[in-house]
Colleague: 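Structure provided below as structure tokens; questions to follow.
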Protein chains: 2
Amino acid sequence: METVSENKSFDGVQGVYTHASEVCGCDMTFGLFLPEDAKSGPVPLLWYLSGLTCTHENAMTKAAAQQWCAEQGIAIVFPDTSPRGEGIADDEAYDLGKGAGFYVDATENPWASNFKMWSYIADELPSLLGRNFELDMDRQSITGHSMGGHGALTIAMAHPDRFASVSAFAPIANPTASDWGKKQLGAYLGEDKGQWAKHDASLQMKEVGFDGPVLIDQGASDNFLDLLRPEALAHAMMARRQEGLFRMQKGYDHSYFFISSFMEDHVTFHAEALYT
Amino acid sequence: METVSENKSFDGVQGVYTHASEVCGCDMTFGLFLPEDAKSGPVPLLWYLSGLTCTHENAMTKAAAQQWCAEQGIAIVFPDTSPRGEGIADDEAYDLGKGAGFYVDATENPWASNFKMWSYIADELPSLLGRNFELDMDRQSITGHSMGGHGALTIAMAHPDRFASVSAFAPIANPTASDWGKKQLGAYLGEDKGQWAKHDASLQMKEVGFDGPVLIDQGASDNFLDLLRPEALAHAMMARRQEGLFRMQKGYDHSYFFISSFMEDHVTFHAEALYT
């Protein structure tokens, strides 16, 4: 693992690191904010999974998360959204290939050799983080935006004892029924829709749910509402009596201006779960 | 004036607008955050002047200012740092020409026809803002980063009845004695150093000072300390008995991670001056 940069931020350190990923077969870069509290012992870890087109960098610089994580004594990690580099498959569209890993382990060519974002986020990166930083890996929570909200919800529900809480900003909530989903799940996993269900937060909420609190924020003026299908997830949550809340925020869109406006709420929400 | 974009942010609106600038002879773009309070009447205005290479966009997305301005009921404007467009003079270096207007009115060619950032910030843009938005132009304060800290301090001191308070993050504090200054002041204003003094915050602090509180934050691990020369400004402030404070922040560098870490302090500082 190599240090790309470290900047002091809210008395902690905002670092960027790169490492050779075995599962992705390429170098991967991530951002990690460690609050000052990490100097005196392991701190809880919040995952932030980003959306389509993003790298590790977008949320790290635009989501205004560090201040609240510093206040709560929580680390936050910002992984990349796909494998990258020469020789990695890509597509001309912004929503497939690089920047669009969709948090699945691809089985179809040309994606299968590198596009393993599910295993990267769920297995390889946590192991690396636990070995290299002052993190209490027994206390983790997870959040994300759009495609990353989809990733956060599906990974959380598939690992029932790992995360104390899960939240999402404008998640792709029902990809098996959306053009943000059918295209990617078909390309990465093939047309056997039995393989898709694990990667649909609304279906998983209906089937298994989450053993802990869930917070979803969605902007009512989001340009992508038809693709995100928040109503499917809200229905599944409430039909299940899932502990948690789903908020439709009047006037907000899909941008980081929306995310940063509610970041304090999300970090506070996770802190309450992590510290009890 | 045309609206480029408007995003809801912390219950207010983060807008981006473009207009034909007479003094710069080109279209100019700026960001303006209006808090929700502006719906019920004019609100005070905080200016944020950006540093070398920046457009209106950097601080608008990375400085985490909106939340504190929303809390205090203050608008914040993010102007560009130079004229732009085809036919506008430029230089290969990052620190001259586009993105490097240095908040002066150029008198030398090829800059003199467009590089009028002093007049743009001090005269044209305030007039436009006052006509078009719910702003109380009798209550203004000003801040900025690096080259923008230089602009904020020099413009504030040259307009003694306009700003209730002035602050800066890592300002270019003594440009007449620095390679961040001698090059630009020479290029834009010529070699008559009598024309330079107005654009040196340390010299102006010594000569005229500021009739209100001054807050300066400087990172102790800033890579550019030799160019910024904070010691000159600190000396001038304290020699003058200028109301205010100068903080050297251990471990912080020149980045937006530094700025965002102390933005709450700056907005709160200005709010106290604006509301008394």
Side-chain angles (χ1 to χ4, degrees), chain A residues 4-16 31-36 39 54 57-71 76 78 169-170 217-224 247-268, chain B residues 4-16 31-36 39 54 57-71 76 78 169-170 217-224 247-268:
Chain A
V4 176
S5 62
E6 290 185 330
N7 298 85
K8 188 166 177 180
S9 172
F10 291 94
D11 289 322
V13 177
Q14 176 60 61
V16 176
L32 176 70
F33 172 75
L34 277 181
E36 189 178 24
K39 290 179 188 168
C54 289
E57 199 261 353
N58 305 61
M60 187 181 94
T61 59
K62 296 187 177 183
Q66 290 89 351
Q67 58 193 297
W68 310 118
C69 289
E71 192 171 302
I76 183 167
F78 306 100
F169 301 85
D217 270 315
Q218 172 63 57
S221 295
D222 192 316
N223 289 330
F224 304 108
R247 306 191 300 191
M248 183 60 66
Q249 302 284 8
K250 185 178 175 186
Y252 286 91
D253 57 32
H254 202 65
S255 69
Y256 276 96
F257 295 112
F258 160 62
I259 298 170
S260 59
S261 293
F262 297 102
M263 184 55 77
E264 180 181 12
D265 289 359
H266 284 245
V267 173
T268 304
Chain B
V4 176
S5 62
E6 290 185 330
N7 299 84
K8 187 165 176 179
S9 171
F10 292 95
D11 289 323
V13 177
Q14 177 60 60
V16 176
L32 176 70
F33 172 75
L34 276 180
E36 189 178 25
K39 290 179 188 167
C54 289
E57 199 260 352
N58 304 62
M60 187 182 95
T61 59
K62 296 187 178 183
Q66 290 90 351
Q67 59 192 294
W68 310 119
C69 289
E71 191 171 303
I76 183 167
F78 305 99
F169 300 86
D217 271 315
Q218 172 63 55
S221 295
D222 192 315
N223 290 330
F224 304 108
R247 307 192 298 191
M248 183 60 66
Q249 302 284 10
K250 185 178 175 187
Y252 286 91
D253 57 32
H254 201 67
S255 69
Y256 276 95
F257 296 112
F258 160 63
I259 298 170
S260 59
S261 293
F262 297 101
M263 184 56 76
E264 180 181 12
D265 289 359
H266 283 245
V267 173
T268 304

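What you see is a predicted model, and the numbers here were worked out from it, not measured in a lab. Chain naming here is simple, since letters A, B, ... match the order of the sequence lines and numbering starts at 1 in each. All values below were derived from every heavy atom in this structure, side-chain atoms included, with hydrogens, water molecules and symmetry-related copies excluded.
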Colleague: Under a 4.5 Å heavy-atom cut-off, does chain B meet the side chain of A/Asn7, its backbone, both or neither?
Modeller: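 Interface part for A/Asn7: both.
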
Colleague: Which bit of A/Tyr252 is near chain B, if near means a heavy-atom gap under 4.5 Å: side chain, backbone, both or neither?
Modeller: both

Colleague: Most heavy-atom pairs under 4.5 angstrom with chain A, which of B/Gln249, B/Met60, B/Gln67?
Modeller: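 Of the options given, most contacts go to B/Gln67.
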
Colleague: Is A/Glu264 close to chain B through its backbone or its side chain, or both, or neither, when contacts mean heavy atoms under 4.5 Å?
Modeller: neither

Colleague: Does any part of the side chain of A/Pro35, heavy atoms only, come nearer than 4.5 Å to the side chain of A/Cys69, both counted from C-beta?
Modeller: no

Colleague: Quick one: of B/Ser260, B/Ala63, B/Ser255, who has the most non-hydrogen atom pairs under 4.5 Å with chain A?
Modeller: B/Ser260

Colleague: For B/Asn223 and B/His254, test the side chains for any donor-to-acceptor distance below 3.5 angstrom and give the result as yes or no.
Modeller: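 Side chains of B/Asn223 and B/His254: no pair found under 3.5 Å.
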
Colleague: Is chain A contacted by the side chain of B/Phe10, its backbone, both, or neither, given a heavy-atom distance below 4.5 Å?
Modeller: both

Colleague: Show the nearest heavy-atom pair for residues B/Ala65 and B/Phe78, with the distance to one decimal.
Modeller: CB-CZ, 4.4 Å

Colleague: Are any non-hydrogen side-chain atoms of A/Phe33 and A/Val13 less than 4.5 angstrom apart?
Modeller: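 Of all side-chain heavy-atom pairs linking A/Val13 with A/Phe33, none is under 4.5 Å.
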
Colleague: If you compare all heavy atoms of B/Asp217 against all heavy atoms of B/His266, which two are closest, and at what distance to 0.1 Å?
Modeller: OD2-NE2, 2.7 Å

